[in-house]
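A quick write-up on the structure given underneath.
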Amino acid sequence: MVLLQRRVLFVCLGNICRSPLAEGAFRHQVKQAGLEEQIYVDSAGTANWHRGKNPDIRSIQTAKKHGIDISHQEARQLGEDDFEKFHYIIAMDATNFSSIQAKAPYLHTATVRLLLEDVQKDVPDPYYGGNEGFDEVYDLVRDGTYNLLQEIREEMEPTEI
Ligand code: 4NP
C-alpha cells in the first residue's frame, strides 16, 4: 500500500496569532485520531514581519488553556515552494486568501481555500484587540479544523485510517 501523506498549511497575515492556533488545534486533533504519520501540519504568514518569532503570548496562553503547547512554533513567510509541498493551503480570512492567490505560481496542485469556507466566515484578526478575541479565534479554528479533518479522513483510503 502506498501511503500518501496529506500536507496541510494554515496561513494568516503575521503567522503569530491565528495560524499558529489553527496549527496547534489541528495537530492536537490529528494526534487524538492517531493520524500523525498520515497528516503533516504547518503554518505560515503572507507577510514576513515576524519571521523567526514564537507565537504571540496571547495565542500561546489561549492554546495552553486547552492543553495545547504552541510555544515552540516559529513564524515564517509563505513561499512559492509551499504550493508544491502542501495539498491544502488554508486561509484564515478573505484578505489572506487573496494574498495567497497572488503568490501562487501559475501552475500548482494545492487546494487553496478559507478555513471557514462552508459558513463563509473570516477568522477575525485579534492582534490589536484584547484577550477575548483570542478565545473567539480558538473556538473558530477548533471548529474549522475539526471539519477539515473529517473531510481529509473521508478522502483517505479505508486502509489508511
Ligand atoms: P495574525 O495576526 O495574522 O493572526 O498572525 C497579526 C499579527 C501581526 C500583525 C497583524 C496581524 N501586525 O500588524 O504585526
Side-chain angles (χ1 to χ4, degrees), residues 6-36 39-83 85-104 110-153:
R6 272 68 172 182
R7 299 172 73 88
V8 181
L9 183 69
F10 296 101
V11 177
C12 60
L13 175 61
N15 193 209
I16 55 168
C17 297
R18 292 166 290 176
S19 58
L21 272 174
E23 178 185 341
F26 188 64
R27 182 174 289 118
H28 184 70
Q29 293 162 9
V30 164
K31 196 171 173 189
Q32 284 188 325
L35 293 172
E36 296 136 290
I39 302 176
Y40 177 82
V41 193
D42 195 7
S43 66
T46 57
N48 72 353
W49 308 324
H50 299 283
R51 196 175 52 202
K53 284 193 203 158
N54 296 123
D56 187 289
I57 188 67
R58 296 166 294 176
S59 280
I60 292 176
Q61 283 169 349
T62 303
K64 202 173 168 192
K65 281 198 264 178
H66 298 276
I68 299 170
D69 180 12
I70 63 165
S71 62
H72 58 280
Q73 292 183 27
E74 280 183 21
R76 71 171 181 89
Q77 189 176 25
L78 177 72
E80 270 209 24
D81 53 343
D82 287 318
F83 292 84
K85 280 192 203 150
F86 289 90
H87 299 102
Y88 292 91
I89 298 181
I90 306 292
M92 295 298 115
D93 68 27
T95 305
N96 307 149
F97 181 83
S98 302
S99 307
I100 295 167
Q101 296 285 20
K103 275 183 190 270
T111 298
V112 180
R113 66 170 173 79
L114 272 180
L115 179 66
L116 303 176
E117 187 185 64
D118 49 348
V119 286
Q120 286 294 306
K121 243 175 116 167
D122 285 341
V123 178
D125 182 348
Y127 188 64
Y128 291 106
N131 286 339
E132 67 288 349
F134 285 77
D135 290 326
E136 184 192 0
V137 166
Y138 181 80
D139 289 348
L140 290 170
V141 301
R142 179 204 50 217
D143 294 351
T145 55
Y146 178 83
N147 290 337
L148 179 65
L149 181 57
Q150 301 320 308
E151 186 186 320
I152 293 173
R153 290 181 83 158

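A quick note: this is a predicted structure, and the numbers were derived from the prediction, not measured.
- The structure places SG of C12 at 9.0 Å from CG of L21, a figure rounded to the nearest 0.5 Å.
- The side chain to side chain donor-acceptor pair (under 3.5 Å) check on S71 picks up D69, with sequence neighbours excluded.
- Using a 4.5 Å cut-off on side-chain heavy atoms (C-beta onward), I152 and Y88 make contact.
- S43 OG to L78 CG: the interatomic distance, rounded to the nearest 0.5 Å, is 11.0 Å.
- Looking at residues two or more places apart in sequence or on another chain, you find no side chain to side chain donor-acceptor pair (under 3.5 Å) involving T62.
- Between P55 and I70, the shortest heavy-atom distance links the atoms CG-O, 3.3 Å.
- Residues R76 and D82 are paired through a salt bridge, judged by an N-O separation under 4.0 Å between the basic side chain and the carboxylate.
- R7 is linked by a salt bridge (Lys or Arg N to Asp or Glu O under 4.0 Å) to nothing, counting only residues two or more places apart in sequence or in another chain.
- Legend: ring-ring contact (aromatic ring centres under 6.0 Å, His included) pairs involving residues 8-31, not counting sequence neighbours, sorted by first then second residue: F10-F26.
- Between the CG atom of N54 and the CD atom of Q73 there is a distance of 9.0 Å, given to the nearest 0.5 Å.
- To the nearest 0.5 Å, atom CD1 of residue I16 and atom CD1 of residue I57 are 11.5 Å apart.
- Residues forming a side chain to side chain donor-acceptor pair (under 3.5 Å) with Q29 (at least two apart in sequence, or on another chain): T145.
- Of all non-hydrogen atoms in R27 and V41, the two that sit nearest each other are NH2-O, 2.9 Å.
- Nearest heavy atoms, C17 versus S59: O-OG, 2.8 Å.
- Contact check for D125 versus R18: side-chain heavy atoms found under the 4.5 Å cut-off.
- Sorted by first and then second residue, the pairs that involve residues 50-60 and meet salt bridge (charged side-chain N to carboxylate O under 4.0 Å, His left out), not counting sequence neighbours, are D56-R58.
- A heavy-atom distance below 4.5 Å is not found between the side chains of H87 and T111.
- With sequence neighbours excluded, no residue forms a salt bridge (Lys or Arg N to Asp or Glu O under 4.0 Å) with D122.
- Taking OG1 of T46 as the reference point, atom CG of L13 lies at 4.5 Å (rounded to 0.5 Å).
- Here the rule is side-chain contact (heavy atoms from CB on, under 4.5 Å) with M92, and of V141, V11, L116 only V141 fits it.
- For K64, there are no salt bridge (Lys or Arg N to Asp or Glu O under 4.0 Å) partners two or more places apart in sequence or in a different chain.
- Interatomic distance, CG of N147 versus CD of E117, reported as 11.5 Å (0.5 Å rounding).
- Legend: residues meeting side chain to side chain donor-acceptor pair (under 3.5 Å) with K85, ordered by chain and number and at least two apart, are D81.
- Not counting sequence neighbours, the partners of A91 by the side-chain contact (heavy atoms from CB on, under 4.5 Å) test are N96, F97, I100, L114.
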Cut-off 3.5 Å, no hydrogens considered: what does the side-chain donor-acceptor table look like for residues 130-140, sequence neighbours left out?
{"from": "D135", "atom 1": "OD1", "to": "K65", "atom 2": "NZ", "distance (Å)": "2.8"}
{"from": "D135", "atom 1": "OD2", "to": "K65", "atom 2": "NZ", "distance (Å)": "3.4"}
{"from": "D139", "atom 1": "OD1", "to": "R142", "atom 2": "NH1", "distance (Å)": "3.4"}

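- Remark: E151 engages R113 in a salt bridge (Lys or Arg N to Asp or Glu O under 4.0 Å) (not counting sequence neighbours).
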